[in-house]
Amino acid sequence: MKTLAELQAIRDRQKMQMASRSGDDEGKIKVVVGMATCGIAAGARPVLNTIIEEVENRRLTNVQVTQTGCIGMCKLEPLVDVIVPGKEKVTYVHVTPEKARAIVSGHIVNGQVVTEYTVAGEKA
């Protein structure tokens with residue numbers, strides 16, 4: 001960090017990240033990442049970080065990103081739930097950072113469920 005502007009940019013990014021992970025959640029889209037031991041071992045941390053980065057980069061103020069413990073479907077980790085107010089919860093499975101970007105773009109931004117990444121789209 002060499003300038004006051006760089007410090008301000010860091011501050012602004014951190015404020016946006018904090019706002020997306022807490023605060024008033026009424027009417028917001030909730031993105032919940034399973035971060036129990038099984039999820040972390042399967043790669044949930046990079047998925048969580050990618051989702052947070054995408055929300056920040058797109059300046060999505062109507063999205064709250066949180067994490068949770070065990071969701072109970074360990075063999076399908078990393079798991080991501082997307083909860084849009086007034087709609088049914090969608091659970092995404094075997095999420096990678098690349099899939100996370102597609103979920104943010106397709107589901108959160110454009111309102112289209114990325115069916116092939118969901119529990120229903122999972123091939124047995």
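Reckoned from all heavy atoms, side chains included, excluding hydrogens, waters and symmetry mates. Numbering of residues begins at 1 and proceeds along the displayed sequence.
- One hydrophobic cluster, built from ILVMFWY side chains closer than 4.5 Å, holds both V63 and V114.
- Minimum interatomic distance between A44 and P78 (heavy atoms only, all atoms of both residues): N-CG, 3.8 Å.
- Between T66 and K30 there is no side-chain heavy-atom pair separated by less than 4.5 Å.
- The distance from the CD1 atom of I29 to the CD1 atom of I108 is 6.0 Å, given to the nearest 0.5 Å.
- When the side chains of ILVMFWY residues are joined at heavy-atom separations under 4.5 Å, either directly or via intervening members, V104 and V113 end up in a single hydrophobic cluster.
- How far CD of E53 is from CZ of R101: 7.5 Å, rounded to the nearest 0.5 Å.
- Few gaps surround CD on E98; more than 12 heavy atoms of other groups in view lie less than 6.0 Å from it.
- Residues I71 and G34 come closest through the heavy atom pair CD1-CA, 3.9 Å.
- Of all heavy-atom pairs spanning P97 and P46, the tightest one is CG-CB, 4.0 Å.
- Side-chain contact check for V55 versus I52: every heavy-atom pair is 4.5 Å or farther apart.
- To the nearest 0.5 angstrom, E54 atom CD is 8.0 Å from S105 atom OG.
- Atoms CG and NZ, on D81 and K89 in that order, are 4.5 Å from each other to the nearest 0.5 Å.
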Worksheet entry | Derivation of the side chain to side chain contact (heavy atoms under 4.5 Å, CB included) call for M73 and T91 | CA-CA 11 Å; M73 300 186 294; T91 300; 3.9 Å; yes

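- Using a 4.5 Å cut-off between side-chain heavy atoms of Ile, Leu, Val, Met, Phe, Trp and Tyr, with links allowed through other members, V65 and I40 fall into the same hydrophobic cluster.
- With rounding to the nearest 0.5 Å, the separation of CG in L79 from SG in C38 is 8.0 Å.
- Contact of the E77 side chain with the H94 side chain is not registered, since no non-hydrogen atoms from C-beta on lie closer than 4.5 Å.
- In this structure, the side chains of N62 and L60 come closer than 4.5 Å at one or more pairs of heavy atoms.
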Worksheet entry | Full working for side chain to side chain contact (heavy atoms under 4.5 Å, CB included) between V80 and V32 | CA-CA 6 Å; V80 174; V32 183; over 6 Å; no

Practice prompt. Please assess T68 against M35 for the test side chain to side chain contact (heavy atoms under 4.5 Å, CB included), listing each intermediate value before the final yes or no.
Written response: CA-CA 6 Å; T68 190; M35 291 289 288; over 6 Å; no

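- Between Y92 and H107, the distance separating the two ring centers is shorter than 6.0 angstrom.
- Criterion: ILVMFWY side-chain heavy atoms under 4.5 Å apart, direct or through other members. Under it, V109 and I51 are part of a common hydrophobic cluster.
- With sequence neighbours excluded, no residue satisfies side chain to side chain contact (heavy atoms under 4.5 Å, CB included) with T37.
- A heavy-atom distance below 4.5 Å is found between the side chains of L48 and Q67.
- By the criterion of side-chain heavy atoms lying less than 4.5 angstrom apart, applied directly or through intervening Ile, Leu, Val, Met, Phe, Trp or Tyr residues, I103 is grouped together with V84 in one hydrophobic cluster.
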